Amino acid sequence: MLKLARWSTTHRLYIVIGWVVLLIAVNAFAHSAGTTYSNNFTLPNSDAQRASDLLAHSFPAQAGDRDTIVFKTEHGTVEQPSVRKHMSALFAEVERLPHVSGVVSPYAPSQAKRSRPTGRLRLRPSCSTKRPTRCPRAPPKR
């Protein structure tokens with residue numbers, strides 16, 4: 001080990017070049033692996049996969065993912081009529097999106113507990129008919 005330490009200190013340029021080459025090689029390898037992210041949930045021959053397949057076959061409207069939309073207001077509360085009107089319009093637009101099977105009104109009595117005590121944050125659950133990886137990619141409308 002002492003010989004390696006002495007060689008490393010006397011040949012510093014080789015060590016630096018070696019580290020640079022290693023860094024480039026690791027970067028090239030990582031780049032060749034690709035940048036595609038996959039969020040595919042499949043476990044062949046498992047109980048979870050059989051349950052997912054059964055849900056898709058028997059209840060296709062509930063077979064997708066559940067998402068939560070968070071809406072926060074800086075001034076006032078989410079119960080104010082102007083905020084409520086804006087939120088309702090936004091959520092109606094989300095409900096019309098393809099592959100969204102339904103949404104739960106944040107103003108329903110069952111959803112009252114989902115507000116923060118300050119009344120400035122509201123959550124709205126929605127359900128899609130497909131998993132996000134199987135939905136067509138379209139740019140969001142603003």
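Small disclaimer: the values here were computed from a predicted structure and weren't measured. Note: hydrogens, waters and symmetry copies are ignored here, and every other heavy atom, side chains too, is used.
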Check your understanding: In the single-linkage hydrophobic clustering (I, L, V, M, F, W, Y; side-chain heavy atoms under 4.5 Å), do I17 and L22 co-cluster?
Key -> no
Check your understanding: Judged by modelled atom types alone, do Q49 and N45 share a side-chain donor-acceptor pair under 3.5 Å?
Key -> no
Exercise for review: Please step through salt bridge (Lys or Arg N to Asp or Glu O under 4.0 Å) for the pair D47 and R50, ending with a clear verdict.
Suggested key: CA-CA 5 Å; D47 289 338; R50 283 190 285 278; 2.7 Å; yes
Donor-acceptor pairs under 3.5 Å, side chain of residues 9-16 to any protein atom, not counting sequence neighbours: which ones?
residue: T9; atom: OG1; partner: A5; partner atom: O; Å: 3.2
residue: T9; atom: OG1; partner: R6; partner atom: O; Å: 2.9
residue: T10; atom: OG1; partner: R6; partner atom: O; Å: 3.0
residue: T10; atom: OG1; partner: W7; partner atom: O; Å: 3.1
residue: H11; atom: ND1; partner: W7; partner atom: O; Å: 3.0
residue: H11; atom: ND1; partner: W7; partner atom: NE1; Å: 3.2
residue: R12; atom: NE; partner: T9; partner atom: O; Å: 3.3

Point to revise | S52 side chain to A48 backbone, donor-acceptor under 3.5 Å | key: no
